[in-house]
Amino acid sequence: MNMYSRCGNVSKAREVFDSMEEKNIVAWTAMISGYGMHGHGSQAIELFNEMSFDGPRPNNVTFVAILSACAHAGLVDEGRQIFTTMKQEYGLVPSVEHQVCMVDMLGRAGHLNEAYQFVKNISPKEPAPAVWTAMLGACKMHKNFDLGVEVAEHLLSIEPENPGHYVMLSNIYALAGRMDRVEKVRNIMIRNRLKKEVGYSTIDVDHKVYLFSMGDKSHPETNQIYLYLDELMSRCREAGYIPASESVMHEVEEEEREYALRYHSEKLAIAFGLLKTGPGVAIRIFKNLRMCQDCHTAIKYISIIANREINVRDRLRFHHFKDGSCSCQDYW
């Protein structure tokens, strides 16, 4: 079930689940997690309720899976109720993973004040860095710069060697137009020799895995791939696509921003996949980082232009693009 879910086929995972004569807590949790990974929050809750009524007793891992499913589907009321049920009916003590899910769920839905209050109320210990990171991501998503800076600076005080925090703070300053602060943050990164994690995307074509990074020119068919991608993006622009320049570093000129966005790893992998597979064949991409807003928008247009289904699994979840829309309903 875990394999099928992680490979993009949650329906097949459910077939395996349904075929089991005896289902233990691991099986139920794996299936709930699979639904959550694909944004099927309602199915995850339905299965959780079924388990609670006629299955094994949910454990801490089960509640992480169901709360994560609620977070990815925007099911805030349901998530709040499940969190309460976990504590009051099952007597389970929330761990860092549960706290991260709650902050992520509230933050994604725009309930920043409630999410921040949740963080502040965590006791008796200082909230884990992962909890603050979830809070910071929500601030960036909803462009709450003042709170974002406060959270980021707190994160840097407790995890000064994590380059991801500096990058997020830099992006928040950039979105707020504070380019002096952007330069300051990046100088600190250079001085401390901290580097952002490199993003890459992989695609399997004819049983061979190909890896692409941003601006990658190592492939022997680079010229053909770039020409095809340029043509694709030109057609996307004609169809209404506008590059989301805020998805790239802000100190570069507008023309350079569009260039940097155009050659993100997932776009290169998709172009290669379209070139190497026949009409009607679904494209499947795996990325090690979270997909940026620009790529998400662009791939919706590419799915129309190329008339293909495109599936992308990033660090957080699956995105199934078809006919100009994504399974996540632009909520991720």
Side-chain angles (χ1 to χ4, degrees), residues 1-106 108-109 130 134 204 282 284-288 290-291 309-322 325-329 331-332:
M1 284 188 290
N2 191 41
M3 181 195 71
Y4 281 127
S5 295
R6 288 180 177 274
C7 290
N9 196 339
V10 72
S11 298
K12 190 68 176 178
R14 184 59 194 255
E15 286 181 21
V16 175
F17 178 80
D18 290 338
S19 72
M20 298 176 69
E21 293 184 8
E22 294 186 13
K23 304 177 181 69
N24 61 15
I25 187 62
V26 177
W28 286 89
T29 301
M31 195 63 245
I32 291 170
S33 179
Y35 277 135
M37 191 185 305
H38 289 267
H40 303 318
S42 296
Q43 290 94 322
I45 290 176
E46 182 180 327
L47 194 63
F48 174 78
N49 290 334
E50 182 183 337
M51 179 186 67
S52 301
F53 178 74
D54 190 32
R57 180 182 176 85
N59 61 19
N60 271 314
V61 180
T62 310
F63 279 102
V64 170
I66 189 67
L67 288 172
S68 178
C70 291
H72 285 299
L75 301 174
V76 177
D77 291 337
E78 293 85 346
R80 290 192 189 106
Q81 181 59 48
I82 288 168
F83 187 70
T84 299
T85 298
M86 168 191 163
K87 295 187 295 179
Q88 295 183 356
E89 294 187 23
Y90 291 91
L92 297 174
V93 178
S95 67
V96 171
E97 289 79 8
H98 302 106
Q99 294 165 354
V100 169
C101 285
M102 286 299 293
V103 173
D104 188 36
M105 179 188 74
L106 294 169
R108 286 174 188 273
D204 187 324
R284 292 182 173 85
I285 306 296
F286 298 89
K287 182 170 183 176
N288 68 322
R290 183 180 185 271
M291 182 165 34
E309 181 178 345
I310 302 173
N311 301 318
V312 180
R313 191 187 83 188
D314 67 9
R315 172 173 283 178
L316 299 179
R317 63 179 297 170
F318 267 94
H319 298 266
H320 301 276
F321 298 91
K322 187 175 182 180
S325 63
C326 178
S327 60
C328 76
Q329 301 298 313
Y331 186 93
W332 92 100

Exercise. Using distance alone, with no hydrogens and no angle criterion, decide if Thr62 and Asn59 have a side-chain donor and acceptor under 3.5 Å apart.
Key: yes
Quiz prompt | Considering all heavy atoms, the nearest Ala13-Ser5 contact | solution = CB-OG, 3.5 Å
Practice problem: Give the minimum heavy-atom separation between Ala134 and Asp104, together with the two atoms involved. | Solution: CB-N, 4.3 Å
Quiz item: Does any non-hydrogen side-chain atom of Val10 lie less than 4.5 Å from one of Met37?
Solution: no
Quiz prompt | Asn288 CG to Arg313 CZ distance, which is reported to the nearest 0.5 Å | solution = 10.5 Å
Quiz item: Would you call Phe83 and Phe63 a side-chain contact if the rule is heavy atoms closer than 4.5 Å?
Solution: no
Quiz item: Between Val76 and Arg108, does a side chain to side chain contact (heavy atoms under 4.5 Å, CB included) hold up when you go through it step by step?
Solution: CA-CA 9 Å; Val76 177; Arg108 286 174 188 273; over 6 Å; no
Self-check item: Shortest non-hydrogen separation from Pro56 to Asn24 and the atoms involved
Solution: CG-C, 4.0 Å
Practice problem: Might you point out which heavy atoms bring Asn60 and Met86 nearest each other, and give the distance in Å? | Solution: OD1-CE, 3.7 Å
Quiz item: Would you call Met51 and Ile25 a side-chain contact if the rule is heavy atoms closer than 4.5 Å?
Solution: yes
Quiz prompt | Between OH on residue Tyr4 and CD on residue Glu15, distance to nearest 0.5 Å | solution = 8.0 Å
Quiz item: Less than 4.5 Å apart, any side-chain heavy atom of Glu50 and any of Leu47?
Solution: yes
Practice problem: Check step by step if ring pair (Phe, Tyr, Trp, His ring centres under 6.0 Å) holds for Phe17 and Trp28. | Solution: CA-CA 8 Å; Phe17 178 80; Trp28 286 89; 5.2 Å; yes
Exercise. Check whether any side-chain heavy atom of Ser52 sits under 4.5 Å from a side-chain heavy atom of Pro58, and report yes or no.
Key: yes
Quiz item: Looking at NE2 of His319 and CG of Asn311, how far apart are the two atoms once the value is rounded to the nearest 0.5 Å?
Solution: 11.0 Å
Quiz item: Roughly how far, to the nearest 0.5 Å, is the CD atom of Gln99 from the CE atom of Met102?
Solution: 10.0 Å
Exercise. Write out all pairs satisfying salt bridge (charged side-chain N to carboxylate O under 4.0 Å, His left out) with one or both partners inside residues 65-94, taking only residues at least two apart or from two chains.
Key: Asp77-Arg80, Arg80-Glu114
Self-check item: Test item: Val64 and Cys101 side chains (from C-beta on) under 4.5 Å apart, heavy atoms
Solution: yes
Quiz prompt | NZ on Lys287 to CG on Leu316, rounded to 0.5 Å | solution = 11.5 Å
Quiz prompt | Atom NZ of Lys23 with >12 non-hydrogen neighbours under 6.0 angstrom | solution = yes
Quiz item: So, Arg317 side chain and His72 main chain: donor-acceptor pair closer than 3.5 Å or not?
Solution: yes
Quiz item: Going from NE2 on His98 to CD1 on Ile82, what distance comes out if it is rounded to the nearest 0.5 angstrom?
Solution: 11.0 Å
Quiz item: Do you know which two heavy atoms are closest between Ile45 and Cys70, and how far apart they sit?
Solution: CD1-SG, 3.9 Å
Exercise. Measure from the side-chain N and O atoms of Ser33 to the backbone N and O of Ala30, and report whether any donor-acceptor pair falls under 3.5 Å.
Key: no
Quiz item: Do the ring planes of His38 and His320 sit parallel (below 30°), tilted (30 to 60°) or perpendicular (above 60°)?
Solution: parallel
Quiz item: Do the rings of Phe286 and Phe318 sit parallel, tilted or perpendicular, given the 30° and 60° boundaries?
Solution: perpendicular
Quiz item: Does any non-hydrogen side-chain atom of His40 lie less than 4.5 Å from one of Arg14?
Solution: no
